[in-house]
Undergrad: 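My structure is below; once you've seen it, I'll send some questions.
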Amino acid sequence: MAVDLLLGLQWGDEGKGKIVDVLTKDYDIIARFQGGPNAGHTLEFDGIKHVLHTIPSGIFHENAMNIVGNGVVIDPVIFKKELDNLKKFNIDIKSKLLISRKAHLILPTHRLLDAASEAAKGKAKIGSTLKGIGPTYMDKTGRNGMRIGDLELDDWKEKYRALANKHEAMIGFYDVDIQYDLKDLESEFFAAVKELKSLTFIDSEEYLFKAQKEGKKILAEGAQGSLLDIDFGTYPFVTSSNTTAAGACTGLGVAPNKIGDVKGIFKAYTTRVGSGPFPTELFDEDGETMGRVGNEFGATTGRPRRCGWLDLVALKYAVQINGVTELMMMKGDVLSGFKKLKICTAYNYKGDVIKHLPYNIEPENVTPIYTEMEGWKKDLTQLTKPEELPPALNAYIDFLEKELEVPIKIVSVGPDRTQTIHR
Ligand code: GDP
Ligand code: IMO
Ligand code: MG
């Protein structure tokens, strides 16, 4: 049985959490493969809004097993808070949530290093969520990291101490003023590790291999988005993992020839949190309206998201890199009421018209070229059937499908589970 993927195609926050929750009824296993608590995945049902950071978005369904794969980085402190938030929902976490022994641990000093690195960059800062993601992946690739499986060894605290001491020396290397009380951070960390150790650790690649053989249906849940990919995103303004399809192979131990559907998810417009180039960004009333109506604030940090028109050049690039087989368009409801809508179909790049994403997309090199489309007035939030969609929205969708050469299978018209139209 093939493993399906669900990936964000923009700069994150496309609505992955909502769609994974919607799709979970058709799957036996939901598995996160990269990223960490920099992610904030929101899902809503029965009038309750949930935000998950590390725990897969299938956790509210009886039928599905949830796996945190080897490619994920886990902060025990944030993980404990997530578990605490779930307590009132009576979920049997020990049997519904499995954690890879090969997943790496975020230590308190990783978070401090993140803060020191950002402070040292000054104006050139990445706009990191400061969850310690970069430093933890640096230790992973530098072969210094601590893994979940280490917590099962008697000497894990010694390993912890050696790494934390090294980090403290590194923090001193940055010439910035970072205030912290490591003793406090450590007591919180050790308490959280204790709780983490009460969960089930597995060799997840073996578990998933067996599950595939048994014909189990598996959905891999991406975090962040393709334009934040460490290799293919807007480097250096990216996250520190492969958010694209290949990341699911390395982050779960799934072979490339075992990947099935690649579900790509995008907003009907574009948002970005943090620093970095964003060619279609708006600084006018239209951008302000998108932010207000779309409630565009980061689910992890609460920062306002930058908003702009849909960028088809960037979206095509993401479709191509990931081999997307079906698309999901989110937040169409937010565009109701705009008289005219713009879609960027090409860039003016240093005087030439180009239709691919170049190496350098800073504003001094790239100006978006737009196609204008009619807007629609209809409130979409109560619609349930594709026949009910207004003609101008259908024209918008048709245009995108033609340009991207991939069908749009879901149109989302609100944050709730039920506000989902299947085409
Ligand atoms: P994720 O990180 O990709 O899971 O996305 P986030 O949860 O960070 O951000 C998406 C936000 O949009 C959340 O607040 C969702 O509740 C909300 N949302 C998802 N789909 C829709 C939609 O179709 N319409 C509206 N208005 N909100 C949506
Ligand atoms: P989800 O999974 C949106 C952004 C940060 C920053 C950059 C690097 O909810 O879509 P990091 O903390 O990784 O060092 O931050 O990446 N970023 C996200 N933006 N959604 C996310 O996750 C993000 N995770 C990281 O804002 O610009
Ligand atoms: Mg998010």
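A quick note: this is a predicted structure, and the numbers were derived from the prediction, not measured. Index from 1, following the sequence.
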Undergrad: If only side-chain N and O atoms count, and only distance matters, is there a donor-acceptor pair under 3.5 Å linking Thr234 with Arg272?
TA: yes
Undergrad: Determine whether the side chains of Gln382 and Gln419 contain a donor N or O and an acceptor N or O closer than 3.5 Å.
TA: no
Undergrad: Do Thr381 and Asp333 get their side chains close enough for a donor-acceptor pair, meaning under 3.5 Å?
TA: no
Undergrad: Do His61 and Asp21 meet the criterion of a side-chain donor-acceptor pair at a distance under 3.5 Å?
TA: yes
Undergrad: Under a 4.0 Å threshold between the charged nitrogen and the carboxylate oxygen, would Lys263 count as salt-bridged to Glu326?
TA: yes
Undergrad: Is it the case that the side chains of Asp231 and Asn242 hold a donor-acceptor pair, with the cut-off being a distance below 3.5 Å and no angle test?
TA: yes
Undergrad: Are a donor atom and an acceptor atom from the side chains of Gln10 and Tyr269 found within less than 3.5 Å of each other?
TA: no
Undergrad: Can a side-chain donor-acceptor contact be found between Lys18 and Thr420 if the only test is distance below 3.5 angstrom?
TA: yes
Undergrad: Could you tell me whether His53 and Phe79 have their ring centroids closer than 6.0 angstrom?
TA: no
Undergrad: Would the His50 and Phe60 ring centres measure less than 6.0 Å apart?
TA: yes
Undergrad: Are the aromatic rings of Phe338 and Trp309 close, with centres under 6.0 Å apart?
TA: yes
Undergrad: Assess whether atom CD of Glu285 is packed by more than 12 heavy atoms of other residues, nucleotides or ligands within 6.0 Å.
TA: no
Undergrad: Looking only at side chains, do His167 and Asp139 share a donor and an acceptor under 3.5 Å apart?
TA: yes
Undergrad: Look only at the side chain of Tyr349 and the backbone of Lys355, and say whether a donor-acceptor pair between them is shorter than 3.5 Å.
TA: no
Undergrad: Are the side chains of Phe266 and Leu327 in touch, meaning some heavy atoms are under 4.5 Å apart?
TA: yes
